[in-house]
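Okay, structure first, notes after.
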Amino acid sequence: MAKPGKVGLDRVLSAAKYSYQGLRAQWKHEAAFRQEAVLFLISLPFAIWLGDTGLERAVLIFSVGLVLIVETLNSSVEAVVDRISSEHHELSGRAKDLGSAAVMLALVLAAVVWLVVLFG
């Protein structure tokens, strides 16, 4: 059963508040996110300038934005694992490694997209 909660505009505003809180926590506690956010901000004008079409610009921007999304998901996995226990456990380590691998794959994908769009 669904738990009772806010509906309509109240729900949207609450969701926006929680998202903002998440982004603030991400910025405060995660150095990798800050670095990738700076990368995104630096790449944004280059994507607009170097992309020949709107689609190319969008793909360049999206590929770096995806890194931020994956980093946020990775941080959420790490927070949950750390909340459960600080003891070393094979599955906890695997979960963190998989999250890290997802971020690496997103970074590689972004690099490949930029290379293909700019030199392909």
Side-chain angles (χ1 to χ4, degrees):
M1 298 187 97
K3 67 179 184 178
K6 297 178 181 180
V7 295
L9 184 58
D10 282 344
R11 181 183 172 113
V12 172
L13 292 175
S14 290
K17 176 184 157 192
Y18 300 141
S19 297
Y20 174 73
Q21 290 172 345
L23 288 172
R24 280 191 59 192
Q26 181 80 327
W27 184 264
K28 181 179 178 181
H29 299 287
E30 299 295 335
F33 179 81
R34 292 191 298 272
Q35 293 166 348
E36 292 155 355
V38 169
L39 173 67
F40 178 80
L41 292 174
I42 291 170
S43 69
L44 190 60
F46 283 105
I48 293 167
W49 179 51
L50 296 171
D52 288 333
T53 66
L55 182 59
E56 284 185 354
R57 292 180 194 107
V59 169
L60 292 172
I61 293 166
F62 177 81
S63 68
V64 182
L66 182 63
V67 173
L68 293 174
I69 294 167
V70 174
E71 183 65 54
T72 301
L73 293 170
N74 178 46
S75 295
S76 68
V77 168
E78 289 182 352
V80 169
V81 167
D82 291 346
R83 163 66 173 85
I84 292 170
S85 175
S86 61
E87 294 178 21
H88 176 74
H89 189 279
E90 179 185 348
L91 293 176
S92 297
R94 187 183 313 162
K96 288 185 170 192
D97 290 348
L98 290 169
S100 180
V103 173
M104 182 199 61
L105 290 171
L107 285 164
V108 168
L109 175 65
V112 169
V113 165
W114 277 72
L115 290 170
V116 168
V117 169
L118 297 178
F119 301 110

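All residue numbers refer to positions in the sequence shown, counting from 1.
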For residues [X] and [Y], determine if any side-chain heavy atom of one lies less than 4.5 Å from a side-chain heavy atom of the other.
X	Y	result
Val112	Val108	yes
Leu91	Arg94	yes
Ile84	His89	no
Leu50	Trp114	yes

Side chain to side chain contact (heavy atoms under 4.5 Å, CB included) evaluation trace for Phe62 with Val113: CA-CA 10 Å; Phe62 177 81; Val113 165; over 6 Å; no
Ion pair Arg34/Glu30, N-O distance below 4.0 Å: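 Not counted as a salt bridge, because no side-chain N and carboxylate O are separated by less than 4.0 Å.
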Distance check, rounded to the nearest 0.5 Å: [X] atom [atom1] versus [Y] atom [atom2]?
X	Y	atom1	atom2	result
Leu118	Glu56	CG	CD	8.0 Å
Leu13	Lys6	CG	NZ	8.5 Å
Leu107	Leu39	CG	CG	7.5 Å
Lys96	Asn74	NZ	CG	9.5 Å
Arg24	Ser19	CZ	OG	14.0 Å
Ser92	Glu78	OG	CD	11.5 Å

Any idea which heavy atoms bring [X] and [Y] closest together, and the distance?
X	Y	result
Leu68	Ala37	CD2-N, 3.5 Å
Val81	Ala95	CG2-CB, 4.1 Å
Ala110	Ser63	CB-O, 3.6 Å

Is it the case that one hydrophobic cluster holds both [X] and [Y], taking links as side-chain heavy atoms less than 4.5 Å apart, direct or via other members?
X	Y	answer
Val12	Tyr18	no
Leu23	Trp27	yes
Phe119	Val117	yes

Heavy atoms from other residues, nucleotides or ligands near CD of Gln21 exceed 12 (cutoff 6.0 Å):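 Enclosed.
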Phe40 atom CZ, neighbour heavy-atom count above 12 within 6.0 Å: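 Enclosed: over 12 neighbouring heavy atoms sit under 6.0 Å from CZ of Phe40.
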Arg57 side-chain N/O to Ile48 backbone N/O, donor-acceptor pair under 3.5 Å: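 It does hold such a pair.
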Any donor-acceptor N/O pair, Ser76 side chain to Leu73 backbone, under 3.5 Å: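 Present.
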